[in-house]
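Working notes, structure below.
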Amino acid sequence: MTYEALQEMGLEQRTAETQEVMGLMMRAERDLATARLLQDKDEEWSFAAAYQAMARSGRALLLSEGYRPKGSRSRDTHKTVVTASGVILGEKYKSLINKFDRMRRKYQNFMVEAGSMVSRYEAGQAIRDSEEFCSLVTARLREKYSQMSLLNDVPQLVSR
């Protein structure tokens, strides 16, 4: 995909600091931990935290590739992150990206509408999908950033 196509998608080129990328991944790990804690107490917030982990990981992936969604505060940036993540990861991960997009829509409905329901099974599946996506992004980042080490599965910078 060309830069022009990514630009039309709502992305702009931006060189990311390694710390920014790693910070997003560390926060994504905390979001996942929160999702697991809430799973038996509040399915909707467990689902929301699992989605946030995916969204932060997707944003880290985009930054690591030199892109950032335009208007980083708008609602459409979530869709842009999902779509661009699919482009970057490729056809092999289409099913996972489709799950990410369904989670995005359900998350946005949950945040706006009071009647949104998430079952315990759905929250558990969201956590599993988020774990898979975050692991995929972490592995990709490991290849890209040699100074990243995984200590207790949390990305951290290693000083040299």
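Values in this document were obtained by computation on a predicted structure and should not be read as measured data.
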Could you go through the side-chain contact (heavy atoms from CB on, under 4.5 Å) check for E65 and K144 one step at a time? CA-CA 9 Å; E65 295 291 324; K144 190 171 205 82; 3.9 Å; yes
Does L62 share a hydrophobic cluster with I97, counting links as ILVMFWY side-chain heavy atoms below 4.5 Å and allowing steps through other members? yes
Would a single hydrophobic cluster contain both W45 and I127, if residues Ile, Leu, Val, Met, Phe, Trp and Tyr are joined by side-chain heavy-atom contacts under 4.5 Å? no
Tell me whether L32 shares a hydrophobic cluster with M25, the cluster being built from Ile, Leu, Val, Met, Phe, Trp, Tyr side chains joined at under 4.5 Å. no
With side chain to side chain contact (heavy atoms under 4.5 Å, CB included) as the test, pick out the partner of L141 among L63, V21, L136. V21
Are the aromatic rings of F110 and F47 close, with centres under 6.0 Å apart? no
Look at E131 together with R36 and state whether they make a salt bridge at an N to O cut-off of under 4.0 Å. yes
Could you tell me whether a side-chain N or O of S130 sits under 3.5 Å from a main-chain N or O of A50, the two making a donor and an acceptor? yes
Within a strict 4.5 Å, meaning less than it, do heavy atoms of the L61 and L89 side chains meet? yes
Do M117 and E43 make a side-chain contact, defined as non-hydrogen atoms from C-beta onward lying under 4.5 Å apart? no
Distance in Å, E29 CD paired with M26 CE, rounded so as to fall on 0.5 Å steps: 10.0 Å
Is the shortest distance from a Lys or Arg side-chain nitrogen in E122 or K106 to a carboxylate oxygen in the other one below 4.0 Å? yes
Interatomic distance, CD@Q125 vs CZ@R120, rounded to 0.5 Å, equals 15.5 Å
Where L11 and A84 come nearest, the two heavy atoms and their spacing: CD1-CB, 3.6 Å
Test side-chain contact (heavy atoms from CB on, under 4.5 Å) on R68 and Q13; report intermediate values, then the result. CA-CA 6 Å; R68 175 180 85 90; Q13 278 191 312; over 6 Å; no
What is the ring orientation for H78 with Y51, classed by angle as parallel under 30°, tilted 30 to 60°, or perpendicular over 60°? parallel
Minimum heavy-atom separation for A28 to S57, with atom names? CB-OG, 3.5 Å
What residue among T80, V137, L24 forms side chain to side chain contact (heavy atoms under 4.5 Å, CB included) with R59? L24
Can we say E20 and R14 salt-bridge, meaning some charged N sits less than 4.0 Å from an Asp/Glu carboxylate O? yes
Shared ILVMFWY cluster between L37 and M54, side chains joined below 4.5 angstrom? no
Spacing of OG1 belonging to T138 relative to CZ belonging to F133, to within rounding of 0.5 Å: 10.0 Å
Measure across Q39 and S46 and return the closest heavy-atom pair with its distance rounded to 0.1 Å. CA-OG, 3.5 Å
R30 backbone acceptor or donor facing T34 side chain under 3.5 Å: yes
Can you tell me how far apart OG1 (T15) and OH (Y67) are? Round to the nearest 0.5 Å. 11.0 Å
